[in-house]
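Beneath this line is the structure, given in C-alpha cells, with notes to follow.
Quick note on labels: first sequence line is chain A, next is B, and so on, each numbered from 1. Small disclaimer: the values here were computed from a predicted structure and weren't measured.
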Number of protein chains: 2
Amino acid sequence: MTTRSGPRKRQPTVPLPALLTQVRDIAMGGLHQRLADEGFDGIRYVHGSVFRFIDDEGSRLTTLAERSGLTKQAISELVGELEDHGYVERIVDKADRRAKIIRLTDQGRLAQSAAARILADVERRWSRLLGKDDVAVLRRALEQVVALETADTPPTSATP
Amino acid sequence: MTTRSGPRKRQPTVPLPALLTQVRDIAMGGLHQRLADEGFDGIRYVHGSVFRFIDDEGSRLTTLAERSGLTKQAISELVGELEDHGYVERIVDKADRRAKIIRLTDQGRLAQSAAARILADVERRWSRLLGKDDVAVLRRALEQVVALETADTPPTSATP
DNA sequence: CACGGTAGTAAGGTTGCCTGACTGTCAGGG
DNA sequence: CCCTGACAGTCAGGCAACCTTACTACCGTG
C-alpha cells in the first residue's frame, strides 16, 4: 500500500529546504542505484566525500578532511571502507613519513567517472523532462546562492 | 583560519546533489538562527517533520509518521521534545482512547508561523540577490522534479 | 637536539533514525 | 456478549554518521 498521505490542511507551498532535500535524495538514490547496477559494490552515500575531493595524484587525509568539512577521523573511516572494497589505497608518503597518500585505484577511478557520467545523465534526463533552460537556471541559481551566502562556512559533506 | 581548500584538480562542475545539500543547509541554518534569535528555544532541524505535517486541529502520531515517512517511534520522540518545550501537547482522543491528538500550543503556532515567515524572507532575499525569475524557476523546477520522479517514494523527512 | 607543530589513529560519545516486541483499545462476527 | 484481529502508541535496543578528546609518530626549526 502506497503511503497514504491523507488530506493536508494549511501548507500552501512546500518549504524550500524540504524540496531541496527531496530532489537531492532523488538524485542520490538514482546515482547509487545505477552504480550498484553497474557492479560497483559497497559504495555508500557518504563515500562521496572521498570521491569528490580526492586529487588525481592522490590526497592526504587531512586535505580530504579540510575540503569536505569533516573530521580526520570521519574521513579515515570512509577511506578505510573504500580501501576494503578496493577503490582506494593508502600509501606512505616517502617525503613525509607521518603522512599517507590516499589514491584511487583503477577500480576507484572507474567508479568516480561512472558517478560523474551518471550524474550528468540525471541532469540530461531532467533537462528532457522539464526543459533544458530550467535545469540550467536551477544549477546556476544554486551555485549563486552558495557563492553569495557563504561568508566562510565550511561545506557540509554532501556526496556527489 | 578560513578552511583552505587547496588547489582543486578535476571536478569541472560541482555535483548537483552537493549543491542541493549546501543550499538546503544555508536555508536551514538561516531559519534556525533566526528562530533562536526570536526566542524560540529548543527547536532543532528535525522538529520540522512535526511542524510541517501537523494539522491545525491536531494530528495523530500515526498520521504524522505516515506523512513524514518516519516511524512512529521517531515522531514520538520529536513530539516529546516539542512537548517539553511547550510547542505541542498530547491530548487523549475521547472518540478513540487508543489515540492521542498532537496539537500545537499557542507558542507552537507562533513558532510555526515564524518559520513560514522566515522561509518566505529567505526566498525573497534570494530573489533580490539573483533575480525574482530565477528563484521562481528554481522552485518550479524542484517541484517538477519531485512530481515527475516520485513514483511512490515516501518523503524523506526534511524539515521546513 | 629539544621542542612545538602536524599526520594520522584510538576510544568513546551524540544524534537521528530503525526494527522488534509489547500494552491497551477498538470493532465485527460467532 | 466476548473473542479475535487490527490498530495506536510506547519501550528497549541497535546502527550509521558523525563529533570530541587523547594519544603516537614524525617533521622542521632555533
Side-chain angles (χ1 to χ4, degrees), chain A residues 1 4 6 17 21 24-25 28 32 42-50 52-54 58-84 88-103 154-159, chain B residues 1 4 6 17 21 24-25 28 32 42-50 52-54 58-84 88-103 154-159:
Chain A
M1 40 54 194
R4 275 261 305 116
T21 302
R24 186 208 50 177
D25 288 347
M28 294 275 286
H32 282 80
I43 300 185
R44 299 207 322 278
Y45 280 31
V46 283
H47 295 137
S49 301
V50 176
R52 259 186 79 196
F53 293 115
I54 196 168
S59 300
R60 300 187 166 192
L61 205 59
T62 303
T63 309
L64 293 178
E66 277 173 4
R67 291 181 183 169
S68 66
L70 301 180
T71 58
K72 293 186 287 176
Q73 291 81 342
I75 289 287
S76 180
E77 199 181 320
L78 301 181
V79 167
E81 291 170 16
L82 289 176
E83 199 178 12
D84 291 345
V88 305
E89 53 192 353
R90 294 180 214 240
I91 47 190
V92 177
D93 187 345
K94 280 190 280 258
D96 182 349
R97 270 180 311 177
R98 294 171 303 179
K100 289 166 189 170
I101 308 292
I102 321 291
R103 222 174 38 185
T156 2
S157 126
T159 79
Chain B
M1 178 50 50
R4 274 263 302 117
T21 302
R24 186 209 51 176
D25 289 346
M28 295 273 288
H32 283 79
I43 299 184
R44 299 208 322 279
Y45 280 29
V46 284
H47 295 138
S49 300
V50 176
R52 259 185 79 195
F53 294 114
I54 196 169
S59 300
R60 300 188 165 191
L61 204 58
T62 303
T63 308
L64 293 178
E66 276 173 4
R67 291 181 183 170
S68 67
L70 300 180
T71 58
K72 293 186 289 178
Q73 293 84 336
I75 289 288
S76 180
E77 198 180 321
L78 301 181
V79 167
E81 292 169 17
L82 289 176
E83 199 177 13
D84 291 345
V88 303
E89 54 192 353
R90 291 181 216 240
I91 47 189
V92 177
D93 186 346
K94 279 190 280 264
D96 181 348
R97 270 180 310 177
R98 294 171 301 177
K100 289 168 188 170
I101 308 293
I102 320 292
R103 224 174 34 185
T156 3
S157 122
T159 77

- Query: Quick one: Asp25(B) CG to dC18(D) P, roughly how many Å, whole number?
  - Reply: 11 Å
- Note on the structure: Rounding to 0.5 Å, atoms CG (Asp96(A)) and CZ (Arg60(A)) come to a distance of 4.5 Å
- Note on the structure: On DNA chain D, more 5' by nearest nucleotide between Glu77(A) and Arg97(A) is Glu77(A)
- Item | Interatomic distance where NZ belongs to Lys94(A) and P belongs to dC26(D) [whole Å] | 16 Å
- How many angstroms lie between atom OG of Ser49(A) and atom CG of Leu78(A), to the nearest 0.5 angstrom? 6.5 Å
- Message: Nearest 0.5 angstrom please: Thr21(A) OG1 to Asp25(B) CG, how far?
- Response: 8.0 Å
- Provide, to the nearest angstrom, the distance between the CG atom belonging to Leu70(A) and the C1' atom belonging to dT9(C). 17 Å
- Tell me: CD1 of Ile91(A) to P of dA7(C), nearest whole Å? 17 Å
- Item | Footprint string (nucleotides 2-13 of chain D, 5' to 3'): B base within contact, S backbone only, - free, heavy atoms under 4.0 Å | ----BBSBBB--
- Query: Could you give the CD1-to-P distance, from Ile43(B) to dG16(C), as a whole number of Å?
  - Reply: 14 Å
- Query: How many angstroms lie between atom CD1 of Ile101(B) and atom CD1 of Ile91(B), to the nearest 0.5 angstrom?
  - Reply: 6.5 Å
- Is the side chain of Arg90(B) donor-acceptor paired with the backbone N or O of Lys100(B) at a distance under 3.5 Å, no angle test? no
- When rounded to the nearest 0.5 angstrom, what is the spacing between CD in Gln73(B) and OG1 in Thr71(B)? 4.5 Å
- Interatomic distance, Asp93(B) CG vs dC26(C) P [rounded to whole Å]: 9 Å
